[in-house]
Amino acid sequence: MLDIKWVLENQDHAKKAFEQRGSAVSVDELIRVNDERKELQLQFDELRAEQKSKSKLIGQYKKEGKDAQPILDEVNQIADKVKELNHKQSEAENTLKSLLHQIPNIPHESVPVGSDESANVVARSWGQKREFAFKAKEHWELGEDLGLLDFERAAKLAGSRFAIYRGALAKLERALIQFMLRVQTEENGYEELMTPYLVNADTLTGTGQLPKFEEDLFKTTSGYYLIPTAEVPVTNFYRDEVVNEKELPYSFCAYTPCFRSEAGSYGKDIKGLIRQHQFNKVELVKITKQEESYAALEKLTNDAESILQKLNLPYRVMTLCTGDMGFGAAKTYDIEVWLPGQNQYREISSCSNCEAFQGRRMNTRYKDSNGKMQFVHTLNGSGLAVGRTLIAVLENYQQEDGSILVPEALQHSMGCEVIKKP
RNA sequence: GGAGAGGUGGCCGAGUGGUUGAAGGCGCACGCUUGGAAAGCGUGUUUACGUUAACGCGUAACGAGGGUUCGAAUCCCUCCUUCUCCGCCA
C-alpha cells in the first residue's frame with residue numbers, strides 16, 4: 001500500500017510509476033476520493049463537536065435541576081445527522097483504502113524500465129556450466145527412469161500438478177531442506193520459525209496477496225487459506241505491532257510447504273516438478289529500518305546464492321524490470337539456476353525489497369531516533385525453492401547411466417555418494 | 001463440543017451512562033537535589049486523521065463489528081481471543 005500523502009506530493013512520479021506497473025487505479029481518482037474523504041471528515045468533526053458540547057450541557061442542566069428539554073430536542077436532530085455523516089465518512093475511508101490496496105508498489109530508481117522479462121538485466125553469473133559427453137536428460141525423465149518420481153499415482157491421489165517422491169529422492173528433498181536451514185541459521189544469521197500453513201484473510205492482505213489475487217490461493221471451507229509461501233506468515237509476525245528500533249533488523253527463515261492454485265497457468269510447465277500445486281520452500285525474511293533495506297536486499301540475495309554455491313550449481317542473478325516485478329516489490333533480484341536438461345536458466349529464488357508497502361498494510365512500525373513513527377521495510381526471498389533445487393541437482397549431477405551423483409555438501413546426510421535405481 | 005471467568009495506555013491496575021484520553025502505581029525522559037550515585041521532589045510520557053506558519057486546536061480509538069441513548073470504557077447483540085473445569089483427540 002502506498003502512502004496517500006506521498007502520492008499527493010509526488011504526482012508526476014506516481015503517474016509515471018502507475019503506468020509502468022500497469023495500475024488499474026489512476027492518480028486523479030485517488031486525489032478525487034481523498035478530497036471527498038477530507039471534506040466528509042471535516043463535516044463530521046464539526047457536527048460531532050457541537051453534539052458533544054451540547055450533550056454535556058444536558059448533563060449539567062439536569063444536575064442543576066434546569067430544564068434540559070429545549071437542548072435535548074436540538075441535539076436529537078444533530079444526532080441523526082452525525083450518524084449519517086459518520087457512515088458516509090467511514091465509507092469514504094474504506095473506498096480510499098480499497099483503492100490503495102489495489103495499486104502495485106513504486107519501483108526503486110535503480111530498477112530497469114521495461115514491460116516484460118525481456119527487459120530484465122543480468123546482474124552477475126556464477127559457476128561453470130558442465131560439459132556433457134552425452135545428451136543431458138530432463139529431471140522428470142531421470143526421476144521416472146530411476147523409479148523414484150511418480151506423477152501418475154500422485155494424479156490418482158490428488159490430481160495434476162502433484163508428485164510423489166520415493167526412497168532416495170524423498171530423502172534428497174528432506175536433506176536439502178535440512179541443509180538450507182542449517183546454512184541460513186548457522187552461517188547467515190537467520191532465526192528459524194515454524195508457522196501455521198493455514199492463515200486468515202487479514203494476514204494475506206498484509207503481504208498483498210489479498211484482495212487482488214484470491215484466485216491464486218486455495219481457500220478452505222472454514223475460511224482459512226493455505227499459504228502460497230512462508231513469506232505470508234513470517235512477514236506478518238509483527239503485524240499491528242510497534243517494534244523496538246534497537247531490535248531491527250529481524251532476520252527469519254522458515255521451511256514450509258507452499259500451495260498455489262496456478263489458475264491461469266494452463267499448459268505452462270505441465271511436465272515435471274517445475275510448477276506444482278504443492279511444493280517445499282525455505283524462505284528468508286528481513287524486517288528492517290527504512291534506510292537499511294537496500295543493503296539488506298543485497299545481503300539476503302547473497303544468502304540465497306550461498307546455497308547454490310555450496311551445491312556447486314551454476315546460476316545467474318537477474319535484476320527484474322518494472323513490468324516483471326511482483327505486486328508488492330520495489331526491487332527484485334531473481335536467481336536463476338542452470339538446468340542442462342532443459343538447456344536454460346530457471347528461476348529458483350526471487351528476492352525482493354518491498355520497502356514500506358507491506359509494513360503499511362500490516363501496520364508494523366518502529367519509532368526512529370527522532371521519535372517519529374516509521375513503517376518497517378520488509379524483504380523476502382527464497383533460500384531456496386526446494387523442489388527446483390532438487391531438479392537442479394538431478395540435471396546437473398546426472399551421469400550417463402542415469403544415476404545421480406550426490407553433491408558433496410549433501411553426502412553426509414544422504415549417507416551415500418550416488419543415487420541409483422533401487 | 002459443553003460450563004464458567006476475563007480482554008482498559010510500554011507494563012500492572014481503577015473505573016457510579018454525563019469536562020475520563022482515561023485515577024493510582026511501575027517503567028521511561030528531562031529538570032532540581034548530591035562530591036558522585038541511590039532515594040526524594042517537580043514536569044512530562046499513545047496513535048491516526050483533519051486544521052495551523054507555529055504554539056496549539058478539533059475528531060476518532062478502552063479486543064473487533066453492530067445496536068440502545070441527547071451522551072457509552074460503562075447497557076444490549078454478534079464475532080475474535082485468553083484462562084479454568086469437563087468431554088474428545090494426534
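Each chain gets a letter, A, B and so on, in the order the sequences are listed, and its residues count up from 1.
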Assess the side chains of A:Asn94 and A:Glu91: does a donor N or O sit below 3.5 Å from an acceptor N or O?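 No, A:Glu91 and A:Asn94 have no side-chain donor paired with an acceptor closer than 3.5 Å.
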_A:Thr203 side chain to A:Asn200 side chain, donor-acceptor N/O pair below 3.5 angstrom_ =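 Yes, side-chain donor-acceptor contact under 3.5 Å.
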Closest to the [X] side chain, choosing from [options]:
| X | options | result |
| --- | --- | --- |
| A:Met373 | B:U51, B:G58, B:A48 | B:A48 |
| A:Asp45 | B:G50, B:U59, B:A48 | B:U59 |
| A:Ala49 | B:U47, B:U59, B:U51 | B:U59 |

Please give the distance between the [atom1] atoms of [N] and [M] as a whole number of Å.
| N | M | atom1 | answer |
| --- | --- | --- | --- |
| B:G58 | B:G21 | C1' | 14 Å |
| B:U45 | B:G24 | C1' | 16 Å |
| B:G18 | B:A22 | P | 16 Å |
| B:C26 | B:C62 | P | 27 Å |
| B:G31 | B:U20 | P | 32 Å |
| B:G56 | B:U69 | C1' | 33 Å |
| B:G4 | B:G9 | C1' | 29 Å |
| B:A29 | B:U84 | C1' | 41 Å |

Each nucleotide of nucleotides 61-78 of chain B classed B (base within 4.0 Å of a protein heavy atom), S (only sugar-phosphate) or -, in 5' to 3' order, makes -------S-BS-------
Measure from the side-chain N and O atoms of [X] to the backbone N and O of [Y], and report whether any donor-acceptor pair falls under 3.5 Å.
| X | Y | result |
| --- | --- | --- |
| A:Thr220 | A:Tyr224 | yes |
| A:Ser90 | A:His87 | yes |
| A:Gln11 | A:Leu8 | yes |
| A:Asp150 | A:Arg153 | yes |

Is [N] paired to anything, Watson-Crick or G-U wobble with both distances less than 3.5 Å, and if yes, which nucleotide?
| N | value |
| --- | --- |
| B:C75 | B:G67 |
| B:C30 | B:G42 |
| B:G15 | B:U8 |
| B:G35 | none |
| B:U20 | none |
| B:C85 | B:G2 |

- Task: Please figure out whether A:Glu50 or A:Asp3 has its closest RNA chain B nucleotide nearer the 5' end.
- Result: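 It is A:Asp3 whose nearest nucleotide is closer to the 5' end.
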- Task: Could you say whether A:Leu42 or A:Lys52 is positioned toward the 5' end of RNA chain B, judged by the nucleotide with the nearest heavy atom to each?
- Result: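 Result: A:Leu42.
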Practice task
Would you please confirm or rule out a distance under 4.0 Å between OP1 or OP2 of B:G10 and any side-chain N or O of A:Lys367?
Solution key: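 No, outside the criterion.
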**Q.** Result of checking A:Tyr238, A:Tyr250, A:Tyr366 against A:Val376 for side chain to side chain contact (heavy atoms under 4.5 Å, CB included)
**A.**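 Among the candidates, only A:Tyr366 passes.
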- prompt: Taking NZ from A:Lys88 and P from B:U59, how many angstroms apart are they, rounded to a whole number?
  reply: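 Atom NZ in A:Lys88 sits about 21 Å away from atom P in B:U59.
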May I ask you to check whether over 12 heavy atoms, not counting those of A:Glu417, lie within 6.0 Å of atom CD?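 Open: at most 12 neighbouring heavy atoms sit under 6.0 Å from CD of A:Glu417.
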